[in-house]
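Okay, structure first, notes after.
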Amino acid sequence: MLSLEALNDRQREAVVCTEGPLLILAGAGSGKTRVLTNRAAYLIEELGVNPWNIMAITFTNKAAREMRERIDEIIKVGARDVWVSTFHSTCLQIMFRHAQKLGYDGNFEICDATDQRSVMKDVCKRLNIDTKMYKERMLLNEISRAKDELMTPSEYRAANEGDYRKEKIALVYEEYQKTLKKNNAMDFDDLIMKTVELFLAEPEVLEYYQNRFRYIMVDEYQDTNTAQFELIHLLANKHRNLCVVGDDDQSIYKFRGANIYNILDFEKTYPEAVVIKLEQNYRSTQNILNAANGVIRNNQGRKEKSLWCDAAEGNKIHFKQLDTAASEAMYIAEDIKKKVSSERVHYGDCAVLIRTNVQSKELEDAFRLLQIDYDLVKGLKFWDTKVIKDLTAYLITIASGKNDMRTARIINLPKRGIGAASIEKLQAYAEMRGISLYEACEFADDVPGLSKAADKIKGFDYLIQRLRTVMREGSFGELLDAVVDETEYMEYLGNEAETPEKYAEMQEYIAKLRETLTVYEEENEQPDLMEFMRQNGVEGSALDKSLDGAQTGIGLLTAEQEQEMKERKVLIMTMHNAKGLEFPHVYMAGMEDGLFPSYMTITGDDPLEMEEERRLCYVGITRAKEDLTLTCARQRMVNGETRYSTASRFIKEIPFGLLDMKVPSVKMKQADEPNPSTYQKAKESFHQKPYVKPSAVRKRYSEGNPYAAALKKGAEIKTDGTLSYDVGDRVTHVKFGEGKVKEIKSGGRDYEVTVDFDTAGVKKMFASFAKLVKV
DNA sequence: CGCGAGGATATTTTT
DNA sequence: TATCCTCGCG
């Protein structure tokens, strides 16, 4: 039921402001989903707008699903007709209808991260790219950024003329694009970019969608990239009823192409725009909000706003500095255990937020030791799992046989004696005849240069033929069984899995896939394997929920059981993954300079990077409802080396009174260190010069390193903790070359050194890992 | 072709 | 320290 009374003034304003461009600046926990869903309800129920004309667009399937559910709850009739979808899913649907207009087969496929990598590998080999100089990952990233900016290969080349490196990348981009096209495939970025292309090339198609989507709402607008901006801009350009919701302070995906100026400059793009700020927070205590405000206010380029709430002051923010990452993890584990046994707290009320995935290891160890149920929220999704990718590759080859990427994946999996060389010959033959890789298998005997392998390839062909019979005669579930059976896939997995647990997990994945297939088959009048793949490859959609279990290893339980289990588990996840979530008890671990903000950010010369990192911190803090604990370690293993760090600068940005420390100190001296010897050590360390374990220095510069000789005679920090260079000295850096030391600042345990490099410019870095050598 | 040893490498990642 | 990838040998 639509209920305007239940909203606060600002929220209500946003709901009833339906005509023209509207920017809703929604602070963390200010009820933006509520506004969005009620706005849809208002449009339909009060203004009589046809649900068919309303579009709500999100980034994640999860967000779309949630919005869908909540719209269903408040709207009685027509809720299903509201277009609630992600950017990618929206574009996918549009592209399926119009792909031919851009020269793609209507049955094109989505190429995911794994496929992208293999395509890129191929491209590099063909172009003779030195993958030491041009890393595949970096190339893909660069291409992805170009697509985010709607740059075609030729535009990319034109924009970077004269830059040898970038011109080379342009070449790769071009070839990569050709390869995708040849495979009738698009990557995720293409979906958006090609849709924009389509709209620009076919005005009547654009107009159709403009008329269809008369009211557009965009969630998480601060995360949009240029391509997404353009897409929305085009769609909204006719009726201009565009409502965007976002929070510039929560923009944390610049590295992925998000353009914060989309939200910052919204009023420039739409001068007639109405701006509404939602600043009342319904999630956290006053102390937590003040801490968040204290941190974020250090950013320059942002829309001024300040969160407030009616809630009580609440607990102080806890801060604890430990000696090692392991003791930090133990501290958190023990603290959670203590809360659970003495207060009315469940494991599921707690979340540990980390900056990088590697930090999870110590936490997991600690939780296991104390027998605390936990779940690691991993980046890897069900459909990206190797097992699932293998089996779906089989299914796709069986169903269509036109996708070379899938065929190449399984033609020799499990190993059946078809090596890379044979596949290459087969591929060349297929290209010559203009047929697909799989289709070429039939003619293995005609392929020049294939001796023994020809029989093996024909064997593979027979296998697929047999399985095709099964597909025609049986259910999808039976087909999957047959695939697993005939390929002896389980035996293959048995060799593949390092542990029994891993093996069991894989079995569960397969069972889930079977279940999903069966459900699909039962629910659809004309079940089609390719359609199934398409739906799930990008959408995941309705399946995510049940698949979460398999993903996290909970297993084959009902949805309710899984939910129950989740509630009983502490979650460990990156701060990026935590966006949009909330927990009564939040721990932010690894709050150290060099880790968070990351070393890259500190040494890099872009102040915007630091602002982004600070926003991430803001996101982390605002996840907490009742209780927030910040921890850090003085010493931590990073990339196989012991790294020493001080407390994060972000902690120092939190107004001191909000922290539960007794002694005010910028240096985060330990106020309540129980162990006198540890306390003594800590105290000394703060007053001492930075200390780097001699062995660590020596180990790193063993033979083979061109700098080893130089370092042996004068490593960056001497064993007594003083620096081997001073302001004015000339030093060398492994990456940046030679430069002159401009400034040395003592920051507690470490030195922050500013160097003006001859070629790389001015850089700030920490002495303990900058590897500077006096020359 | 398949395996294993050794080398390089190392943020964050909705789709 | 862990993982991923390559290269060389059997």
Side-chain angles (χ1 to χ4, degrees), chain A residues 57-65 85-92 110-113 116-117 121 131-132 135-138 140-141 144-145 147-148 186-192 219-220 223-225 227-228 252-258 325 353-362 377-381 383-384 412 414-423 451-453 456 495 498 536-541 544 573-581 590 594-604 609 612-613 615-617 619-620 636-643 696 699 704-705:
Chain A
I57 201 153
T58 64
F59 276 86
T60 64
N61 291 315
K62 192 167 154 245
R65 209 184 315 129
S85 186
T86 64
F87 273 102
H88 294 271
S89 175
T90 299
C91 291
L92 180 70
I110 301 304
C111 169
D112 70 13
Q116 283 182 296
R117 263 179 58 197
K121 253 189 173 158
T131 50
K132 286 231 157 47
K135 300 263 168 53
E136 283 147 18
R137 224 189 55 144
M138 172 256 133
L140 281 169
N141 206 47
S144 179
R145 291 297 79 75
K147 290 182 181 177
D148 287 345
M186 289 191 204
D187 64 20
F188 290 125
D189 305 308
D190 282 334
L191 284 176
I192 315 280
D219 194 15
E220 305 280 14
D223 291 335
T224 50
N225 60 37
Q228 288 157 340
I252 53 173
Y253 285 115
K254 184 183 164 195
F255 69 93
R256 213 168 48 192
L353 309 187
I354 49 186
R355 176 67 242 265
T356 65
N357 289 120
V358 282
Q359 289 172 255
S360 71
K361 194 188 162 293
E362 283 88 356
V377 179
K378 287 181 288 184
L380 199 65
K381 297 293 183 321
W383 295 99
D384 299 329
N412 194 33
K415 302 266 186 299
R416 51 175 72 89
I418 305 171
S422 311
I423 296 174
S451 49
K452 278 188 309 214
K456 308 267 176 64
N495 295 326
E498 308 92 40
N536 292 299
V538 163
E539 288 226 55
S541 66
D544 286 12
M573 66 180 104
T574 63
M575 302 198 203
H576 282 94
N577 269 324
K579 197 169 98 167
L581 305 177
L595 184 61
F596 190 35
S598 78
Y599 171 56
M600 300 281 236
T601 313
I602 296 169
T603 55
E609 291 283 316
E612 173 114 343
E613 203 86 339
R615 288 193 289 270
L616 185 58
C617 183
V619 167
R636 167 188 309 272
M637 274 293 232
V638 177
N639 299 347
E641 283 179 0
T642 308
R643 187 190 280 184
K699 207 177 82 198
N705 185 322

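Below, chain A is the first sequence line, B the second, and so on; all start at residue 1.
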Would you indicate what [X] reaches in the nucleic acid, counting non-hydrogen atoms under 4.0 angstrom: base, sugar-phosphate, or nothing?
X: A:Glu612; value: nothing
X: A:Lys132; value: nothing
X: A:Lys135; value: sugar-phosphate
X: A:Ala421; value: sugar-phosphate
X: A:Ile252; value: nothing
X: A:Ser598; value: base
X: A:Lys361; value: sugar-phosphate

Self-check item: Minimum-distance nucleotide to A:Ser422 side chain [options: B:dT15, B:dC1, B:dT12]
Solution: B:dC1
Quiz prompt | Closest nucleotide among C:dT6, B:dT11, C:dT1 to the A:Thr601 side chain | solution = B:dT11
Quiz item: If we ignore angles and hydrogens, is there a donor and acceptor under 3.5 Å between the side chains of A:Asn61 and A:Arg65?
Solution: no
Quiz prompt | Side chains of A:Thr574 and A:Asn577, donor plus acceptor under 3.5 Å | solution = yes
Quiz item: Which sits closer to the 5' end of DNA chain B, A:Asn412 or A:Asp189, going by the nucleotide each is nearest to?
Solution: A:Asn412
Practice problem: Return the stacking result for B:dT12 and A:Phe255: yes when the ring centres lie under 5.5 Å apart and the planes under 30°, no otherwise. | Solution: yes
Self-check item: Between A:Phe59 and A:His88, ring centroids under 6.0 Å
Solution: no
Quiz item: Can you tell me how far P in B:dT12 sits from the matching atom in C:dC5, rounded to whole Å?
Solution: 16 Å
